[in-house]
Each structure stands twice: as C-alpha cells, then as structure tokens.
Enquirer: 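My questions all concern the structure below.
For the single chain, residues carry numbers from 1 onward in sequence order.
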Amino acid sequence: MPELPEVETTRRGLEPVLVGQRIRTAVVRNRRLRLPVPRRLPQLLAGATVRSLSRRGKYLLIDCGAGALIVHLGMSGRLWVVNGATPPTAHDHFDLVLESGTVVRLRDPRRFGLVLWQAGDPLSHALLAAIGPEPLSPKFDGAALHAATRSRNTAIKLALMDSHVVAGVGNIYANEALFRAGISPRIAAKRLTREHCDRLARAIRETLELAIVAGGSSLRDYVRSDGMAGNYQSQFTVYDRAGEACQRCGARIRGIRQGQRSTYYCPKCQKA
Ligand SMILES: [Zn+2]
C-alpha cells in the first residue's frame with residue numbers, strides 16, 4: 001500500500017510534468033473507486049491550468065484554480081506519465097489529458113483509490129480536514145506527539161498509523177521508525193515519556209526522508225511516476241524480516257499481529 005514516501009515520490013515526479021500545463025480533458029473509464037468519481041470532472045477540468053501539485057498526508061492535491069483534483073492511491077494505485085497513444089489496460093480507470101498530449105494515468109487494480117473534486121480550498125474537504133500534522137513539517141515534533149498520545153491506550157504502533165495522530169504513516173514506516181527509535185510497538189501510546197516522543201518523532205522524520213530519497217518502497221503495485229521501481233525495501237531493518245537476525249544486535253526479529261496488520265520488531269533493541 002503506498003504510504004507517504006511513495007505518494008511524495010509520485011508528487012515530485014509529476015510536478016514538472018503537470019504544473020503550468022493546460023488540461024485538455026479528463027477521461028473516466030470506471031467511476032467505481034472507493035467513492036464514485038464525479039461525472040462532471042471532464043467539464044470541470046477542460047481548459048484549466050494546473051497551478052500547483054501538493055500533498056497532504058497520502059492525498060495529492062492538483063490545484064486547478066477554481067478548485068482542486070484530489071487523488072488518493074488507496075491500496076494499489078499508481079499515477080504515471082504516458083503518451084496519448086498508449087492504450088489503456090483493464091485497470092486504467094482515469095486519465096488526465098494535457099494540451100501537449102501527455103497523459104497522467106491512474107492504474108488501480110483493487111479500486112480503493114480516490115479521484116475527487118473540491119471547489120475552492122481542497123483542505124476544506126471532509127476527508128482532509130481532520131488529518132493530523134504532516135510528519136515532515138515543523139509542526140510535528142516530540143511535544144506534538146506527546147500531546148496527541150496522552151489519552152490513547154492503544155499500542156503506539158497503531159497510534160502512529162492513525163491519521164489523526166500524524167499524517168501518512170502506514171504499516172511499513174511505523175515498523176521502521178519504531179525500530180530506529182528503539183521503542184516497542186506494543187507499549188501503550190500514553191505511556192511514552194516526552195523523551196520517547198522526541199526520539200520517535202525524530203525517527204519518523206528520518207525514516208520517511210530516507211525512503212523519499214530512495215524513491216519509496218516498491219512492493220507489489222507501486223512504481224514511481226516514470227515507471228521505475230523505488231528501492232527503499234532493500235533498506236528495511238525489521239519490516240517483513242521475521243526470523244532474521246537484527247542488524248544491530250543479532251537477536252531474531254519477531255513478527256506479531258496488531259490490529260489485523262503485521263508488526264515486526266527486535267525484542268532486544270526495542271525495550272522502551
Ligand atoms: Zn536488535
């Protein structure tokens with residue numbers, strides 16, 4: 001599932017392709033994504049010029065002046081750049097066609113993605129309004145994480161994956177950041193001290209930044225907008241490494257289930 005680094009990598013790849021370009025039209029081949037794709041998108045987008053491409057959590061926001069196209073990659077979505085002559089396949093549900101003939105295409109086999117329109121400010125959309133701080137912004141630090149977890153009895157790993165606590169951190173990077181910080185994924189969020197939270201907020205930022213530099217992680221469907229794979233998966237320290245030796249201490253990495261998701265951690269290095 002694409003997490004923040006994969007979405008940010010997509011954003012950086014598409015920014016030079018999209019910004020400043022005029023949109024010829026949009027092609028909706030299948031409206032049945034997680035929410036229906038608006039029928040009037042082709043009319044709303046035709047003739048608009050893309051002003052900016054930004055990201056909030058795992059949402060991409062394509063500012064078209066009068067409003068914004070909001071895209072979420074869901075479980076299996078990818079956005080990539082093709083030329084207008086490239087024939088669509090069964091899972092190519094949406095195209096943004098530029099005046100130049102270049103096409104930004106959404107492929108989403110599992111159809112948990114979203115393509116929505118918000119008039120005016122996209123951050124006012126109901127799906128975006130309640131999202132917590134961006135982990136790479138100055139607003140997210142140990143103090144913010146400490147404040148956000150005081151009443152949370154849930155395990156810290158599950159709290160990190162809750163977008164109200166911090167935006168865009170999913171299963172892979174929650175596992176990796178907790179290892180980097182030396183904090184057990186099982187500790188109740190509200191039991192973390194301020195010092196733990198300082199360490200963890202820093203570890204989240206460092207983990208995400210390293211993953212973005214590597215172009216994200218390519219597991220299953222995700223590829224960069226130029227069709228190339230990301231390669232952060234080769235740097236995973238604990239994720240999907242159950243039974244392997246910890247790179248730091250040599251103990252066996254343990255795999256457990258938390259909230260129907262796989263958790264991986266080193267029982268020696270992650271004692272807090
Ligand atoms: Zn270890």
Side-chain angles (χ1 to χ4, degrees), residues 1-9 58 75 132 134-136 140-146 148-149 152-163 165-224 229-272:
M1 181 186 312
E3 299 184 29
L4 189 151
E6 291 75 42
V7 178
E8 178 61 20
T9 300
K58 293 193 276 184
M75 307 276 286
E134 283 295 320
L136 301 178
F140 182 72
D141 57 12
L145 182 58
H146 194 250
T149 48
R152 289 180 189 265
N153 218 359
T154 180
I156 184 59
K157 159 119 183 298
L158 297 177
L160 291 183
M161 292 170 65
D162 179 340
S163 66
V165 174
V166 56
V169 178
N171 196 35
I172 293 172
Y173 300 104
N175 276 296
E176 291 294 311
L178 284 161
F179 176 79
R180 180 174 280 266
I183 291 171
S184 167
R186 308 169 74 167
I187 187 173
K190 67 180 185 184
R191 286 187 48 220
L192 291 182
T193 64
R194 175 58 202 277
E195 192 273 327
H196 289 143
C197 289
D198 285 344
R199 236 158 64 202
L200 184 51
R202 195 163 53 237
I204 290 168
R205 178 187 298 266
E206 289 168 356
T207 302
L208 295 174
E209 283 175 346
L210 287 169
I212 291 168
V213 167
S217 305
S218 283
L219 307 172
R220 295 182 284 277
D221 302 292
Y222 168 76
V223 292
R224 302 178 343 194
N231 62 20
Y232 191 67
Q233 63 278 10
S234 66
Q235 297 177 50
F236 289 163
T237 52
V238 287
Y239 182 80
D240 206 20
R241 290 189 180 273
E244 295 181 28
C246 170
Q247 296 168 12
R248 205 179 282 162
C249 77
R252 283 202 190 287
I253 301 296
R254 194 171 286 173
I256 60 170
R257 300 290 283 178
Q258 284 183 298
Q260 285 87 53
R261 303 298 300 276
S262 299
T263 294
Y264 304 94
Y265 68 107
C266 172
K268 274 196 179 167
C269 292
Q270 294 175 255
K271 283 217 183 278

Enquirer: Please give me the minimum heavy-atom distance between G255 and Y264, naming the atom from each residue.
Expert: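 Distance-wise, the nearest heavy atoms are CA-CD2, 4.0 Å.
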Enquirer: Do M1 and K58 have side chains that approach each other closer than 4.5 Å (heavy atoms only, starting at C-beta)?
Expert: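 Counting from C-beta outward, M1 and K58 do come under 4.5 Å.
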Enquirer: Quickly, which of L178, I256, I156, T263 forms a side chain to side chain contact (heavy atoms under 4.5 Å, CB included) with R186? Name it, please.
Expert: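 Result for side chain to side chain contact (heavy atoms under 4.5 Å, CB included) with R186: I256.
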Enquirer: Between E6 and Y173, does any side-chain donor sit less than 3.5 Å from a side-chain acceptor?
Expert: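 Judged by distance alone, the side chains do pair up.
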Enquirer: How about L210 and R180: do any of their side-chain heavy atoms sit closer than 4.5 Å?
Expert: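 A side-chain contact exists here, since the closest heavy-atom pair is under 4.5 Å.
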Enquirer: Determine the minimum heavy-atom distance between R224 and G230, stating which atoms define it.
Expert: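 What the structure gives for the nearest pair is CG-N, 4.3 Å.
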Enquirer: Run the numbers on S217 and F236 for side-chain contact (heavy atoms from CB on, under 4.5 Å), then give the verdict.
Expert: CA-CA 9 Å; S217 305; F236 289 163; 3.5 Å; yes
Enquirer: For a 4.5 angstrom cut-off between non-hydrogen side-chain atoms, does L145 reach V166?
Expert: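 L145 does not reach V166 side chain to side chain.
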Enquirer: Per the side chain to side chain donor-acceptor pair (under 3.5 Å) rule, which among E244, E176, Q247 passes with T237?
Expert: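 For T237, the side chain to side chain donor-acceptor pair (under 3.5 Å) check succeeds only for E176.
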Enquirer: Going by heavy atoms in the side chains, are I204 and F140 under 4.5 Å from each other?
Expert: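 Yes, their side chains come closer than 4.5 Å.
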Enquirer: May I ask you to check whether over 12 heavy atoms, not counting those of R248, lie within 6.0 Å of atom CZ?
Expert: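 Correct, the count exceeds 12.
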Enquirer: Is there a side-chain contact between H146 and L192 (heavy atoms, below 4.5 Å)?
Expert: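 They are not in side-chain contact.
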Enquirer: Kindly indicate whether the side chain of S262, heavy atoms from C-beta on, has any atom under 4.5 Å from the side chain of R257.
Expert: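 Side chain of S262 against side chain of R257, heavy atoms only: contact under 4.5 Å found.
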Enquirer: Keeping the roles fixed (side chain from R205, backbone from L136), state whether a donor-acceptor pair exists under 3.5 Å.
Expert: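 Yes: the side chain of R205 pairs with the backbone of L136.
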Enquirer: Under the salt bridge (Lys or Arg N to Asp or Glu O under 4.0 Å) rule, what do R194 and D198 come out as? Steps first, then yes or no, please.
Expert: CA-CA 6 Å; R194 175 58 202 277; D198 285 344; 3.0 Å; yes
Enquirer: Do I212 and L4 pass the side-chain contact (heavy atoms from CB on, under 4.5 Å) test, and can you show the C-alpha distance, the side-chain angles, and the key distance before you say yes or no?
Expert: CA-CA 9 Å; I212 291 168; L4 189 151; 4.2 Å; yes
Enquirer: Which heavy-atom pair separates A167 from E134 by the least distance, and what is that distance?
Expert: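 Scanning both residues, the minimum pair turns out to be CB-OE2, 3.8 Å.
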Enquirer: Specify the closest pair of heavy atoms between N171 and R261, including all atoms of both residues, with the distance to one decimal.
Expert: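 Result for this residue pair: CB-NH2, 3.3 Å.
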Enquirer: Give the minimum heavy-atom separation between P185 and A155, together with the two atoms involved.
Expert: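 What the structure gives for the nearest pair is O-CB, 3.4 Å.
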Enquirer: Looking at side-chain heavy atoms only, is the closest gap between T154 and D162 below 4.5 Å?
Expert: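 A side-chain contact is absent here, since even the closest heavy-atom pair is not under 4.5 Å.
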Enquirer: Which heavy-atom pair separates Q233 from G216 by the least distance, and what is that distance?
Expert: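 Here Q233 and G216 meet closest at OE1-O, 4.1 Å.
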Enquirer: Considering only heavy atoms from C-beta outward, does the side chain of N175 approach that of Y265 to under 4.5 Å?
Expert: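 Not in contact.
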